[in-house]
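First up is the structure itself, then whatever we jot down about it.
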Amino acid sequence: MSRHRTRPISSWEKFKEFKSKEKAKEDKAKRDKAEEDKANEFEAIEEEIKIDKNKKLRTRLRSSVTKNIKEIETEFEKEYPSRDSILVVFKLLEINVGRLRSTNSQIEELMLDDENTTVQELEKEQDLVEQYERNFLLMEKKVAEYLDPRGNDQQGQGDMASIRSSPEKSISCKLPKIALKVFDGTSLEWLGWWSQFEAIHESPSLSEVDKFHYLIQAMKVGTRAKRLVKIYPLTEANYPKVIEALKDRFGDRVILTEVYVRQLLKLVINNVRKQNISLESL
(Lines give C-alpha, C1' and ligand atoms only; values in the text may rest on other atoms or scores of the structure.)
Protein backbone atom coordinates (compact mmCIF):
# COMPACT_ATOMS: atom_id res chain seq x y z
CA MET A 1 0.00 0.00 0.00
CA SER A 2 1.57 3.26 -1.17
CA ARG A 3 1.96 6.17 1.19
CA HIS A 4 1.93 9.82 0.11
CA ARG A 5 4.66 11.78 1.75
CA THR A 6 4.24 15.54 2.23
CA ARG A 7 6.92 17.39 0.38
CA PRO A 8 8.82 19.64 2.77
CA ILE A 9 8.44 23.38 2.13
CA SER A 10 11.62 24.85 0.84
CA SER A 11 13.22 27.95 2.28
CA TRP A 12 12.44 29.83 -0.92
CA GLU A 13 8.75 29.01 -0.64
CA LYS A 14 8.74 30.08 3.01
CA PHE A 15 10.37 33.35 2.01
CA LYS A 16 7.78 33.92 -0.74
CA GLU A 17 4.94 33.20 1.70
CA PHE A 18 6.45 35.61 4.23
CA LYS A 19 6.84 38.35 1.60
CA SER A 20 3.27 37.79 0.44
CA LYS A 21 1.93 38.27 3.98
CA GLU A 22 4.07 41.35 4.45
CA LYS A 23 2.80 42.85 1.19
CA ALA A 24 -0.81 42.12 2.25
CA LYS A 25 -0.17 43.96 5.54
CA GLU A 26 1.38 46.90 3.70
CA ASP A 27 -1.51 47.06 1.25
CA LYS A 28 -4.03 47.01 4.12
CA ALA A 29 -2.11 49.75 5.95
CA LYS A 30 -2.10 51.86 2.78
CA ARG A 31 -5.83 51.35 2.30
CA ASP A 32 -6.53 52.26 5.94
CA LYS A 33 -4.33 55.34 5.63
CA ALA A 34 -6.07 56.39 2.40
CA GLU A 35 -9.49 55.95 4.03
CA GLU A 36 -8.38 57.93 7.08
CA ASP A 37 -6.99 60.72 4.89
CA LYS A 38 -10.20 60.76 2.89
CA ALA A 39 -12.30 60.96 6.07
CA ASN A 40 -10.13 63.79 7.42
CA GLU A 41 -10.38 65.60 4.10
CA PHE A 42 -14.17 65.18 4.08
CA GLU A 43 -14.37 66.46 7.66
CA ALA A 44 -12.22 69.48 6.77
CA ILE A 45 -14.46 70.22 3.77
CA GLU A 46 -17.54 70.01 6.01
CA GLU A 47 -15.96 72.47 8.47
CA GLU A 48 -15.12 74.84 5.61
CA ILE A 49 -18.70 74.62 4.34
CA LYS A 50 -20.03 75.42 7.85
CA ILE A 51 -17.68 78.38 8.16
CA ASP A 52 -18.59 79.64 4.67
CA LYS A 53 -22.33 79.39 5.42
CA ASN A 54 -21.93 81.21 8.72
CA LYS A 55 -19.77 83.89 7.11
CA LYS A 56 -22.37 84.45 4.39
CA LEU A 57 -25.06 84.79 7.05
CA ARG A 58 -22.82 87.13 9.04
CA THR A 59 -22.19 89.32 6.00
CA ARG A 60 -25.95 89.73 5.59
CA LEU A 61 -26.45 90.44 9.29
CA ARG A 62 -23.64 93.00 9.32
CA SER A 63 -25.27 94.75 6.37
CA SER A 64 -28.58 94.80 8.27
CA VAL A 65 -26.89 96.20 11.39
CA THR A 66 -25.16 98.92 9.37
CA LYS A 67 -28.44 99.74 7.61
CA ASN A 68 -30.34 99.99 10.92
CA ILE A 69 -27.72 102.32 12.40
CA LYS A 70 -27.81 104.56 9.32
CA GLU A 71 -31.61 104.70 9.44
CA ILE A 72 -31.52 105.84 13.07
CA GLU A 73 -28.81 108.42 12.31
CA THR A 74 -30.88 109.72 9.39
CA GLU A 75 -33.89 110.10 11.68
CA PHE A 76 -31.78 112.00 14.22
CA GLU A 77 -30.69 114.44 11.50
CA LYS A 78 -34.30 115.50 10.86
CA GLU A 79 -35.61 118.68 12.41
CA TYR A 80 -38.31 116.71 14.22
CA PRO A 81 -37.17 113.07 14.66
CA SER A 82 -39.91 110.47 15.03
CA ARG A 83 -39.70 108.74 18.41
CA ASP A 84 -41.73 105.78 17.14
CA SER A 85 -39.50 105.32 14.08
CA ILE A 86 -36.37 105.37 16.24
CA LEU A 87 -37.83 102.81 18.65
CA VAL A 88 -38.94 100.45 15.87
CA VAL A 89 -35.62 100.55 14.03
CA PHE A 90 -33.66 100.24 17.27
CA LYS A 91 -35.71 97.13 18.10
CA LEU A 92 -34.75 95.65 14.71
CA LEU A 93 -31.13 96.64 15.37
CA GLU A 94 -31.09 94.75 18.67
CA ILE A 95 -32.56 91.62 17.06
CA ASN A 96 -29.95 91.71 14.28
CA VAL A 97 -27.13 92.30 16.77
CA GLY A 98 -28.33 89.31 18.84
CA ARG A 99 -28.27 87.07 15.77
CA LEU A 100 -24.91 88.50 14.75
CA ARG A 101 -23.42 87.66 18.16
CA SER A 102 -24.71 84.10 17.89
CA THR A 103 -23.21 83.69 14.42
CA ASN A 104 -19.89 85.20 15.56
CA SER A 105 -19.75 82.66 18.40
CA GLN A 106 -20.30 79.75 16.02
CA ILE A 107 -17.60 80.99 13.63
CA GLU A 108 -15.17 81.45 16.52
CA GLU A 109 -15.82 77.88 17.73
CA LEU A 110 -15.18 76.49 14.24
CA MET A 111 -11.99 78.54 13.84
CA LEU A 112 -10.66 77.39 17.21
CA ASP A 113 -11.34 73.76 16.27
CA ASP A 114 -9.39 74.20 13.02
CA GLU A 115 -5.69 73.45 13.59
CA ASN A 116 -4.77 75.57 10.56
CA THR A 117 -6.23 78.76 12.05
CA THR A 118 -3.46 81.25 12.85
CA VAL A 119 -3.27 83.72 15.71
CA GLN A 120 -3.37 86.57 13.17
CA GLU A 121 -6.65 85.28 11.74
CA LEU A 122 -8.18 85.07 15.20
CA GLU A 123 -7.01 88.60 16.02
CA LYS A 124 -8.45 89.93 12.76
CA GLU A 125 -11.73 88.15 13.51
CA GLN A 126 -11.87 89.70 16.99
CA ASP A 127 -11.15 93.20 15.63
CA LEU A 128 -14.12 92.96 13.26
CA VAL A 129 -16.41 91.66 16.01
CA GLU A 130 -15.41 94.50 18.34
CA GLN A 131 -15.96 97.08 15.58
CA TYR A 132 -19.64 96.16 15.19
CA GLU A 133 -20.08 95.84 18.96
CA ARG A 134 -18.66 99.34 19.39
CA ASN A 135 -20.98 100.79 16.73
CA PHE A 136 -24.00 99.17 18.37
CA LEU A 137 -23.10 100.32 21.90
CA LEU A 138 -22.55 103.89 20.71
CA MET A 139 -25.94 103.91 19.01
CA GLU A 140 -27.59 102.35 22.07
CA LYS A 141 -26.17 105.16 24.21
CA LYS A 142 -27.32 107.79 21.70
CA VAL A 143 -30.87 106.43 21.63
CA ALA A 144 -31.01 106.23 25.42
CA GLU A 145 -29.86 109.85 25.73
CA TYR A 146 -32.43 110.96 23.15
CA LEU A 147 -35.26 109.21 24.98
CA ASP A 148 -34.10 110.45 28.37
CA PRO A 149 -31.90 113.56 27.89
CA ARG A 150 -32.06 114.64 31.56
CA GLY A 151 -32.36 111.24 33.17
CA ASN A 152 -36.01 111.85 34.21
CA ASP A 153 -38.03 111.28 31.02
CA GLN A 154 -40.53 108.68 32.24
CA GLN A 155 -41.86 108.09 28.72
CA GLY A 156 -38.36 107.52 27.41
CA GLN A 157 -37.59 105.12 30.24
CA GLY A 158 -40.77 103.21 29.50
CA ASP A 159 -39.89 102.98 25.81
CA MET A 160 -36.43 101.60 26.53
CA ALA A 161 -37.87 99.19 29.09
CA SER A 162 -40.28 97.82 26.49
CA ILE A 163 -37.38 97.18 24.16
CA ARG A 164 -35.28 95.50 26.84
CA SER A 165 -38.11 93.15 27.82
CA SER A 166 -37.73 91.19 24.58
CA PRO A 167 -36.15 87.70 24.97
CA GLU A 168 -34.72 87.98 21.46
CA LYS A 169 -32.54 90.89 22.50
CA SER A 170 -28.89 90.56 23.42
CA ILE A 171 -27.62 93.58 25.34
CA SER A 172 -24.63 94.22 27.51
CA CYS A 173 -25.13 94.15 31.27
CA LYS A 174 -23.01 94.21 34.42
CA LEU A 175 -23.31 90.51 35.16
CA PRO A 176 -19.73 89.71 34.03
CA LYS A 177 -18.51 91.73 37.03
CA ILE A 178 -20.12 89.17 39.35
CA ALA A 179 -17.85 86.23 40.16
CA LEU A 180 -19.76 83.28 38.77
CA LYS A 181 -19.79 80.22 40.96
CA VAL A 182 -18.36 77.26 39.06
CA PHE A 183 -20.36 74.03 39.17
CA ASP A 184 -18.16 70.99 39.85
CA GLY A 185 -20.65 68.43 38.57
CA THR A 186 -21.68 66.98 41.96
CA SER A 187 -25.25 66.78 43.22
CA LEU A 188 -24.16 68.19 46.58
CA GLU A 189 -23.17 71.50 44.95
CA TRP A 190 -26.15 71.76 42.60
CA LEU A 191 -28.58 73.76 44.76
CA GLY A 192 -25.97 76.34 45.79
CA TRP A 193 -24.79 76.79 42.22
CA TRP A 194 -28.28 76.93 40.70
CA SER A 195 -29.50 79.48 43.27
CA GLN A 196 -26.89 81.89 41.88
CA PHE A 197 -27.08 81.01 38.20
CA GLU A 198 -30.90 81.20 38.22
CA ALA A 199 -30.59 85.00 38.31
CA ILE A 200 -28.87 84.83 34.93
CA HIS A 201 -31.30 82.20 33.67
CA GLU A 202 -34.33 84.38 34.52
CA SER A 203 -32.78 87.67 33.31
CA PRO A 204 -35.03 89.32 30.67
CA SER A 205 -32.17 91.51 29.41
CA LEU A 206 -30.05 88.58 28.19
CA SER A 207 -30.51 86.55 25.05
CA GLU A 208 -30.50 82.75 25.20
CA VAL A 209 -27.11 82.74 23.49
CA ASP A 210 -25.62 85.09 26.11
CA LYS A 211 -27.03 82.87 28.87
CA PHE A 212 -25.46 79.87 27.13
CA HIS A 213 -22.08 81.64 27.21
CA TYR A 214 -22.41 82.26 30.95
CA LEU A 215 -23.43 78.63 31.46
CA ILE A 216 -20.30 77.35 29.71
CA GLN A 217 -18.14 79.65 31.83
CA ALA A 218 -19.84 78.34 34.98
CA MET A 219 -18.92 74.69 34.32
CA LYS A 220 -15.74 73.28 35.83
CA VAL A 221 -13.37 71.90 33.18
CA GLY A 222 -13.07 68.12 33.04
CA THR A 223 -16.33 67.41 34.88
CA ARG A 224 -19.40 65.48 33.77
CA ALA A 225 -21.36 68.72 33.81
CA LYS A 226 -18.93 70.39 31.40
CA ARG A 227 -19.01 67.40 29.05
CA LEU A 228 -22.81 67.40 29.13
CA VAL A 229 -22.99 71.10 28.22
CA LYS A 230 -20.45 70.73 25.38
CA ILE A 231 -22.66 68.11 23.72
CA TYR A 232 -25.08 70.86 22.69
CA PRO A 233 -24.08 73.32 19.93
CA LEU A 234 -24.12 76.93 21.10
CA THR A 235 -27.46 78.10 19.72
CA GLU A 236 -30.52 79.90 21.07
CA ALA A 237 -32.73 76.83 20.63
CA ASN A 238 -30.35 74.54 22.52
CA TYR A 239 -30.06 76.66 25.68
CA PRO A 240 -33.35 75.49 27.31
CA LYS A 241 -32.50 71.91 26.29
CA VAL A 242 -29.13 71.93 28.06
CA ILE A 243 -30.69 73.49 31.17
CA GLU A 244 -33.28 70.71 31.30
CA ALA A 245 -30.54 68.11 30.79
CA LEU A 246 -28.56 69.56 33.73
CA LYS A 247 -31.64 69.60 35.96
CA ASP A 248 -32.48 65.99 35.08
CA ARG A 249 -28.90 64.86 35.71
CA PHE A 250 -27.95 66.85 38.82
CA GLY A 251 -31.15 68.43 40.17
CA ASP A 252 -33.33 65.35 40.62
CA ARG A 253 -35.20 65.75 43.94
CA VAL A 254 -34.96 62.10 44.92
CA ILE A 255 -31.21 62.00 44.36
CA LEU A 256 -30.71 65.34 46.13
CA THR A 257 -32.73 64.10 49.12
CA GLU A 258 -30.54 60.99 49.38
CA VAL A 259 -27.37 63.07 49.08
CA TYR A 260 -28.35 65.51 51.81
CA VAL A 261 -29.62 62.74 54.09
CA ARG A 262 -26.23 61.02 53.78
CA GLN A 263 -24.48 64.31 54.56
CA LEU A 264 -26.70 64.83 57.60
CA LEU A 265 -25.95 61.30 58.84
CA LYS A 266 -22.23 61.94 58.43
CA LEU A 267 -22.51 65.09 60.55
CA VAL A 268 -24.46 63.22 63.24
CA ILE A 269 -21.95 60.36 63.29
CA ASN A 270 -18.99 62.76 63.45
CA ASN A 271 -20.60 64.66 66.34
CA VAL A 272 -21.24 61.41 68.23
CA ARG A 273 -17.64 60.33 67.71
CA LYS A 274 -16.36 63.67 68.96
CA GLN A 275 -18.54 63.44 72.03
CA ASN A 276 -17.31 59.90 72.76
CA ILE A 277 -13.70 61.02 72.44
CA SER A 278 -14.38 63.92 74.80
CA LEU A 279 -15.95 61.59 77.38
CA GLU A 280 -13.09 59.11 77.12
CA SER A 281 -10.57 61.87 77.71
CA LEU A 282 -12.31 62.62 81.01
Side-chain angles (χ1 to χ4, degrees), residues 48-78 80-112 114 117 120-149 156-176 200 203-217 233-239:
E48 288 179 6
I49 292 173
K50 287 181 182 177
I51 292 177
D52 287 342
K53 284 184 177 179
N54 279 306
K55 284 187 174 180
K56 286 179 181 178
L57 173 60
R58 183 174 65 179
T59 298
R60 183 168 63 81
L61 289 170
R62 282 177 172 174
S63 297
S64 297
V65 167
T66 302
K67 178 184 175 183
N68 294 150
I69 289 175
K70 286 183 177 178
E71 287 177 348
I72 297 174
E73 288 176 342
T74 300
E75 193 64 37
F76 276 136
E77 291 171 358
K78 294 180 180 179
Y80 300 104
S82 168
R83 178 188 293 267
D84 290 341
S85 295
I86 291 173
L87 286 173
V88 169
V89 179
F90 186 73
K91 170 67 177 178
L92 293 174
L93 173 62
E94 287 187 313
I95 293 172
N96 286 324
V97 168
R99 295 182 63 196
L100 181 59
R101 285 172 175 168
S102 175
T103 305
N104 284 334
S105 297
Q106 293 180 42
I107 292 174
E108 182 182 4
E109 288 284 335
L110 291 169
M111 291 181 71
L112 289 172
D114 187 357
T117 303
Q120 289 76 15
E121 288 173 334
L122 289 172
E123 289 177 348
K124 182 180 179 182
E125 178 72 17
Q126 185 62 27
D127 289 341
L128 288 171
V129 170
E130 289 180 357
Q131 176 185 334
Y132 280 85
E133 283 289 329
R134 190 180 299 110
N135 292 341
F136 167 69
L137 293 174
L138 288 172
M139 181 52 67
E140 181 189 40
K141 182 174 182 293
K142 191 173 182 179
V143 170
E145 290 174 348
Y146 166 74
L147 295 175
D148 188 12
Q157 291 175 7
D159 291 335
M160 288 301 289
S162 66
I163 292 177
R164 293 195 170 108
S165 65
S166 171
E168 295 177 290
K169 173 188 170 294
S170 175
I171 193 167
S172 60
C173 67
K174 296 181 180 180
L175 282 172
I200 296 174
S203 174
S205 63
L206 289 171
S207 71
E208 303 291 80
V209 172
D210 287 336
K211 292 176 185 177
F212 208 149
H213 276 294
Y214 286 121
L215 181 66
I216 292 172
Q217 294 173 23
L234 203 160
T235 63
E236 183 176 355
N238 279 334
Y239 174 72

Item to check | Distance in Å, Arg101 CZ paired with His213 NE2, rounded so as to fall on 0.5 Å steps | outcome: 9.5 Å
Checklist entry - Quick one: side chain to side chain contact (heavy atoms under 4.5 Å, CB included) partners of Thr59, sequence neighbours excluded? => result none
Checklist outcome for this item: For Thr74, the side-chain hydrogen bond (donor to acceptor under 3.5 Å, both in side chains) test, sequence neighbours excluded, returns none
Checklist entry - Is there side-chain contact between Phe76 and Val143, with at least one heavy-atom pair below 4.5 Å? => result yes
Next on the checklist: Applying side-chain contact (heavy atoms from CB on, under 4.5 Å) to Phe136 and Leu100, what does each step give before you reach the verdict?
Outcome noted: CA-CA 11 Å; Phe136 167 69; Leu100 181 59; over 6 Å; no
Checklist entry - Could you give the distance from CD (Glu73) to CD (Glu71), rounded to the nearest 0.5 Å? => result 11.0 Å
Item to check | Pairing residues for Tyr132 by the ring-ring contact (aromatic ring centres under 6.0 Å, His included) criterion, not counting sequence neighbours | outcome: none
Item to check | Spacing of Gln126 atom CD and Glu133 atom CD [to the nearest 0.5 Å] | outcome: 9.0 Å
Item to check | Side chain to side chain, Asn135 and Met139, heavy atoms closer than 4.5 Å | outcome: no
Next on the checklist: Suppose we screen for salt bridge (charged side-chain N to carboxylate O under 4.0 Å, His left out). Which residues come up paired with Glu121, at least two apart in sequence or across chains?
Outcome noted: none
Checklist entry - Do any N or O atoms from the side chain of Asn238 and from the backbone of Leu234 form a donor-acceptor pair under 3.5 angstrom? => result no
Next on the checklist: Can you tell me how far apart CG (Asn104) and CG (Leu61) are? Round to the nearest 0.5 Å.
Outcome noted: 9.0 Å
Next on the checklist: Minimum heavy-atom separation for Leu206 and Lys211, please, with both atom names.
Outcome noted: O-CE, 3.6 Å
Item to check | Sequence neighbours excluded, every pair satisfying side chain to side chain donor-acceptor pair (under 3.5 Å) that has a member inside residues 60-70 | outcome: Asn68-Asn96
Item to check | Stepwise side-chain contact (heavy atoms from CB on, under 4.5 Å) test for Val89 and Glu75 | outcome: CA-CA 10 Å; Val89 179; Glu75 193 64 37; over 6 Å; no
Next on the checklist: Please report the interatomic distance NZ(Lys56) to OG1(Thr103), rounded to the nearest 0.5 Å.
Outcome noted: 14.5 Å
Checklist entry - Any side-chain heavy atom of Val65 sitting closer than 4.5 Å to one from Leu93? => result yes
Checklist entry - Under a 4.0 Å N-O cut-off, is there an ion pair linking Glu236 with Arg99? => result no
Item to check | Lys142 with Glu145: basic N within carboxylate O range, under 4.0 Å | outcome: no
Next on the checklist: For Ala237, is there any backbone N or O sitting under 3.5 Å from a side-chain donor or acceptor partner on Glu208?
Outcome noted: no
Checklist entry - Which residues pass the side-chain hydrogen bond (donor to acceptor under 3.5 Å, both in side chains) test with Gln131, sequence neighbours left out? => result none
